[in-house]
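What follows is a single structure, written as structure tokens, with notes after it.
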Number of protein chains: 2
Amino acid sequence: METMQERTGEQNLPYNVFAKACPSRGTLEHVTGRWGGLALGALYEGSLRFNELRRRIDGVSEKMLSQTLHALERDGLVHREAQPTNPPRVDYELTPLGRGVAERLLTLIHFVEGRMDDVLQARERYDDTRGAR
Amino acid sequence: METMQERTGEQNLPYNVFAKACPSRGTLEHVTGRWGGLALGALYEGSLRFNELRRRIDGVSEKMLSQTLHALERDGLVHREAQPTNPPRVDYELTPLGRGVAERLLTLIHFVEGRMDDVLQARERYDDTRGAR
DNA sequence: CAGGATCCCCCACGATACTG
DNA sequence: CAGTATCGTGGGGGATCCTG
């Protein structure tokens, strides 16, 4: 007997982010959350250590980075490799699944980055129309 | 003056989400935020009225939906068309730019939805290993 | 260096009420 | 119907300290 999700067709997806209770909503939020997306994007280029990641992701705090990485690791998107040396060395890298997610996320990110001039112009028009409220 | 795109390894991107002060970071957050992504996803299928959107996006409050739509409209991703009838009728639809963003976002969403079984299994393994603290 | 533990603040968000 | 206005709260998130 096959599970429904085996046949991931176009139509009836077993998981649906639009439903409040669907677990995919939570994972999507980890992925697209304030720091999750940036962490995945940074790791796409190769494995990084904790503080390398911190420096790469401008503005993230230790706590939030740690928290973010745990969530991504739990979801199976990031692999954590600790070496019991002194000083300790921990490398983070994407799992194959994480690479798939990161790829699609980066496509989105680059698209947005590439269209920021349009966005900025739209904002000006909007603000002018509404009288810079 | 020195540009920052060198660090990303990307070629000629004037905007870089990894930099704290880059405006693309804000737009990306509108797009991938808790409700922004779902609004874009819902509108991808066609224009919708306010309450249709509300029903479509399970769990969103009036206030947050309104706020979200304003941000997306300001960024030039969503077009708002109000008809001065009684009762009022307002349709929201994606702009061409918004369609571009939504397409890429939906690619990501569908990928995540389609891999949720893997994610859920990864979580179980993670929780087992760490022994439910 | 990697990150857990703590403290605390602020505002994102929901609930409710009101308007055109 | 399509929103705005107001208020209260939880927890997201930053700062700091501490340990292995």
Side-chain angles (χ1 to χ4, degrees), chain A residues 20-21 25-39 42-43 47-74 78-93 126 129-131 133, chain B residues 17 19-21 25-39 42-43 47-74 78-93 126-127 129-133:
Chain A
K20 183 162 62 172
R25 187 113 131 198
T27 296
L28 187 69
E29 276 168 21
H30 294 158
V31 167
T32 62
R34 184 152 178 207
W35 304 118
L38 297 178
L43 287 173
S47 81
L48 291 171
R49 305 175 60 179
F50 188 83
N51 278 331
E52 287 173 339
L53 264 171
R54 251 200 100 184
R55 262 172 271 122
R56 191 76 215 293
I57 304 173
D58 191 16
V60 70
S61 68
E62 283 186 7
K63 182 180 131 185
M64 290 317 298
L65 181 56
S66 173
Q67 213 171 83
T68 297
L69 289 171
H70 277 310
L72 294 177
E73 188 192 356
R74 193 168 102 98
V78 162
H79 176 67
R80 180 178 181 280
E81 180 122 18
Q83 292 167 30
T85 61
N86 194 331
R89 177 189 180 96
V90 181
D91 287 280
Y92 291 91
E93 60 182 343
Y126 183 94
T129 303
R130 318 265 148 160
R133 168 49 82 126
Chain B
V17 281
K20 183 162 60 173
R25 187 112 132 199
T27 296
L28 187 69
E29 276 168 21
H30 294 158
V31 167
T32 62
R34 184 153 176 211
W35 305 117
L38 296 178
L43 287 173
S47 81
L48 290 172
R49 304 175 61 179
F50 188 81
N51 279 329
E52 287 174 339
L53 266 171
R54 247 199 103 184
R55 261 172 270 120
R56 191 77 216 290
I57 304 171
D58 192 16
V60 70
S61 68
E62 280 186 9
K63 183 179 135 185
M64 291 318 297
L65 181 56
S66 173
Q67 209 171 294
T68 298
L69 289 171
H70 278 312
L72 295 177
E73 188 192 356
R74 193 167 102 97
V78 161
H79 176 67
R80 179 179 182 279
E81 180 122 19
Q83 293 166 29
T85 61
N86 193 332
R89 178 189 178 98
V90 181
D91 287 279
Y92 291 91
E93 60 181 343
Y126 183 93
D127 292 344
T129 303
R130 317 268 148 159
R133 179 168 301 239

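As the structure is a computational prediction, the values presented were derived from the model and not from experiment.
- In this structure a side-chain-to-backbone donor-acceptor pair under 3.5 Å is present from A:Thr32 to B:Thr32.
- When the side-chain nitrogen and oxygen atoms of A:Arg49 are compared with OP1 and OP2 of C:dA2, one or more of them lie within a distance under 4.0 Å.
- Each of B:Leu65, B:Leu72, B:Ile57 was evaluated against B:Trp35; a single residue qualifies, B:Ile57, per the side chain to side chain contact (heavy atoms under 4.5 Å, CB included) test.
- For B:Glu81 and D:dG3, the CD to P distance is 13 Å, given to the nearest whole Å.
- The side chain of A:Ser66 contributes no N or O atom lying less than 4.0 Å from OP1 or OP2 of C:dG3.
- Listed pair A:His70 / C:dG3 fails the phosphate criterion, with no side-chain N or O lying under 4.0 Å from OP1 or OP2.
- The side chain of B:Asn86 contributes no N or O atom lying less than 4.0 Å from OP1 or OP2 of C:dG20.
- The A:Met64 side chain lies nearest to D:dG13 when the options are D:dG13, C:dA2, C:dC13.
- Rounding to the nearest 0.5 angstrom, the gap separating the OG1 atom in B:Thr68 from the CG atom in B:Leu53 is 10.0 Å.
- A distance-only check finds no donor-acceptor pair linking the side chain of A:Asp58 to the backbone of B:Ala19 [under 3.5 Å].
- Taking atom CG on B:Leu65 and atom C1' on D:dC1, their separation rounds to 14 Å, with Å as the unit.
- For the pair A:Leu69 CG and C:dA2 C1', the computed distance is 11 Å after rounding to whole Å.
- Residue contacts for A:Arg54: at a heavy-atom cut-off of 4.0 Å it reaches no nucleic acid atom on any strand shown.
- Although no hydrogens or angles enter the test, the distance criterion places no donor-acceptor pair under 3.5 Å between the side chain of A:Ser66 and the main chain of A:Glu62.
- Side-chain contact between A:Met64 and A:Gln67: present, with at least one pair of heavy atoms (C-beta onward) separated by less than 4.5 Å.
- A donor-acceptor pair under 3.5 Å is absent between the side-chain atoms of A:Arg49 and the main chain of A:Val90, judged by distance alone.
- With distances taken from any side-chain atom of B:Tyr92 to the nucleotides C:dG3, C:dG14, D:dG3, the minimum falls on D:dG3.
- B:Val60 has its side chain out of reach of B:Arg34: every pair of non-hydrogen atoms, C-beta onward, lies at least 4.5 Å apart.
- The side chain of B:Arg80 contributes an N or O atom lying less than 4.0 Å from OP1 or OP2 of D:dG3.
- The CZ-C1' distance, from B:Phe50 to C:dT19, rounds to 15 Å in whole Å.
- What separates CZ of A:Arg34 from P of C:dC13 is a distance of 11 Å, to the nearest Å.
- With rounding to the nearest 0.5 Å, the separation of CD in A:Glu73 from OH in A:Tyr92 is 7.0 Å.
- Going from atom CD of A:Glu52 over to atom P of C:dG3 covers 12 Å, rounded to whole Å.
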I'd like to compare against my own output: the B/S/- annotation of nucleotides 5-11 of chain D with a strict under-4.0 Å heavy-atom distance to protein. -BB----
Considering only nitrogen or oxygen atoms on both sides, find all protein atoms under 3.5 Å from nucleotides 18-20 of chain D and state each distance.
none

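- Taking the side chain as every heavy atom from C-beta outward, A:Asp91 and A:Gln83 approach each other to under 4.5 Å.
- One can place CD of B:Gln67 at 19 Å from P of D:dA2, the figure rounded to the nearest angstrom.
- The separation between B:Glu29 atom CD and D:dG13 atom P is 9 Å, rounded to whole Å.
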